[in-house]
Trainee: 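Structure provided below as structure tokens; questions to follow.
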Amino acid sequence: MNEGAPGNDLEVLLDTETLDRRIAELGREISADYRGRPLRLVGILKGSWVFMASLARRLELEVTVDFLGVASYERSTEPTGAVRITKDLDHSIEGLDVLVVEDILDTGRTFEYILGVLSAHRPRSLKTVTLLDKPSRRVRPVKADYVGFTVPDVFVVGYGLDYAQRFRHLPDVRIFRPA
Ligand code: IMP
Ligand code: MG
């Protein structure tokens with residue numbers, strides 16, 4: 001297996017089986033909630049890319065996908081507070097049932113910003129799913145409609161999540177402690 005991290009000690013927090021099992025459950029729950037309605041998934045780049053691919057394949061719905069690029073962290077494990085759009089949606093979401101797919105909900109600044117931007121485009125409904133939730137770090141009053149796992153206040157990488165753009169390809173979620 002690709003360690004991807006010489007010199008860093010990455011402890012596995014969520015292994016691939018645990019991730020697969022929970023994402024299958026989320027897929028069943030979301031499929032039941034939207035039964036008979038087409039669903040537009042909007043993945044937040046880049047972190048949600050792996051989770052979105054796994055979740056989408058567990059949905060028994062008519063699914064379409066789009067991506068919104070957002071940058072919030074610059075080479076650091078601490079948020080700067082600044083959020084900016086790096087890639088806009090390709091297709092209108094007006095009148096659609098939209099589910100925003102995020103990798104991790106941390107301070108809540110990114111979610112708050114994204115929900116403001118997307119609701120201005122007048123979707124029929126707007127809900128959120130996050131693979132990971134770190135509620136201990138929240139500074140904005142937001143929560144996700146669907147949560148994969150609640151995690152402690154540690155910096156995690158893998159399964160799409162990065163540290164300075166590294167480790168996104170790891171097949172599980174691991175704890176990163178800067179050396
Ligand atoms: P928030 O705006 O503070 O909620 O941060 C959300 C974004 O910060 C996520 O989409 C991630 O890109 C990044 N982030 C927050 N915590 C972590 C972490 O533990 N590992 C990797 N990225 C993180
Ligand atoms: Mg992100």
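Indexing begins at 1, ligand by ligand and atom by atom, following the structure's order.
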Trainee: Under 4.0 Å from ligand 1, counting heavy atoms only, is it the side chain of Asp162, its backbone, both or neither?
Mentor: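 It is the backbone that touches ligand 1; the side chain stays farther off.
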Trainee: Go through the steps for Phe155 and Ile175 under the test side chain to side chain contact (heavy atoms under 4.5 Å, CB included), then give the verdict.
Mentor: CA-CA 6 Å; Phe155 198 84; Ile175 299 173; over 6 Å; no
Trainee: Report yes or no: does Ile44 have a heavy atom closer than 4.0 Å to ligand 1?
Mentor: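 Under 4.0 Å: no for Ile44.
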Trainee: For a 4.5 angstrom cut-off between non-hydrogen side-chain atoms, does Leu14 reach Asp172?
Mentor: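 With C-beta onward as the side chain, the pair stays apart.
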Trainee: With no hydrogens and no angle check, just 3.5 Å: does a side-chain donor-acceptor pair link Asp97 and Ser125?
Mentor: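 Yes, because at least one side-chain N or O of Asp97 sits under 3.5 Å from a partner of the opposite role on Ser125.
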Trainee: Quick check on side-chain contact (heavy atoms from CB on, under 4.5 Å): which of Asp33, Thr64, Val65, Leu99 does Leu39 satisfy it with?
Mentor: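 Between Leu39 and the candidates, side-chain contact (heavy atoms from CB on, under 4.5 Å) is satisfied uniquely by Leu99.
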Trainee: Near Val154, which atoms of ligand 1 are under 4.0 Å from a heavy atom of that residue?
Mentor: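 Atoms satisfying the 4.0 Å criterion: 19 (O).
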Trainee: Can you confirm whether or not the ring centre of Phe176 sits under 6.0 Å from the ring centre of Phe167?
Mentor: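 Here the rings of Phe167 and Phe176 have centres that are less than 6.0 Å from each other.
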Trainee: Is Arg22 reaching over with its side chain to a backbone N or O of Val147, donor-acceptor style, under 3.5 angstrom?
Mentor: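 Pair found, side chain donor or acceptor close to backbone of Val147.
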Trainee: Please give me the minimum heavy-atom distance between Asp106 and Arg138, naming the atom from each residue.
Mentor: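 Taking Asp106 first and Arg138 second, the nearest heavy atoms are O-NH1, 2.9 Å.
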Trainee: For Asp106, counting its heavy atoms only, list the atoms of ligand 1 lying under 4.0 Å from any of them.
Mentor: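 Near Asp106, the atoms of ligand 1 are 1 (P), 3 (O), 4 (O), 5 (O), 15 (C), 16 (N).
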Trainee: Counting only heavy atoms, tell me which of Ile104, Val173, Leu105, Val156 gets closest to atom 20 (N) of ligand 1.
Mentor: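 The residue whose heavy atom sits nearest atom 20 (N) of ligand 1 is Val156.
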Trainee: Any side-chain heavy atom of Arg168 within less than 4.5 Å of one from Val50?
Mentor: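 Counting from C-beta outward, Arg168 and Val50 never come under 4.5 Å.
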Trainee: Looking only at non-hydrogen atoms, find the nearest pair between Tyr159 and Pro171 and report the distance.
Mentor: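 Looking at all heavy atoms of both residues, the closest pair is CD1-O, 3.5 Å.
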Trainee: Is the closest heavy atom of Gly108 to ligand 1 under 4.0 Å?
Mentor: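 Judged by the 4.0 Å heavy-atom criterion, Gly108 does count as contacting ligand 1.
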Trainee: Can Leu132 be said to touch ligand 1, with heavy atoms closer than 4.0 Å?
Mentor: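 Distance cut 4.0 Å: Leu132 fails for ligand 1.
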Trainee: Tell me whether ligand 1 is touched by Lys134 - counting only heavy atoms on the residue side and a distance under 4.0 Å.
Mentor: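 The answer is yes: ligand 1 sits under 4.0 Å from a heavy atom of Lys134.
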Trainee: Hey, which atoms in ligand 1 end up nearer than 4.0 Å to a heavy atom of Glu102?
Mentor: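 Atoms satisfying the 4.0 Å criterion: 10 (O).
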Trainee: Using a 4.0 Å cutoff against the non-hydrogen atoms of Leu161, which atoms of ligand 1 qualify?
Mentor: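 Matching atoms, with element in brackets: 20 (N), 21 (C), 22 (N).
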Trainee: At the 4.0 Å heavy-atom cut-off, does Phe111 count as touching ligand 1?
Mentor: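 The answer is no: ligand 1 sits nowhere under 4.0 Å from a heavy atom of Phe111.
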Trainee: Quick one: which of Asp103, Val139, Asp133 has a heavy atom closest to atom 9 (C) of ligand 1?
Mentor: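 The option holding the nearest heavy atom is Asp103.
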Trainee: Taking only heavy atoms of Arg109 into account, list the atoms of ligand 1 that are under 4.0 Å away from them.
Mentor: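 Within the 4.0 Å cut-off of Arg109, ligand 1 contributes 2 (O), 4 (O).
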Trainee: List every atom of ligand 1 that sits less than 4.0 Å from any heavy atom of Thr107, numbering the atoms from 1 in the order shown and giving each element.
Mentor: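 Atoms satisfying the 4.0 Å criterion: 1 (P), 2 (O), 3 (O), 4 (O).
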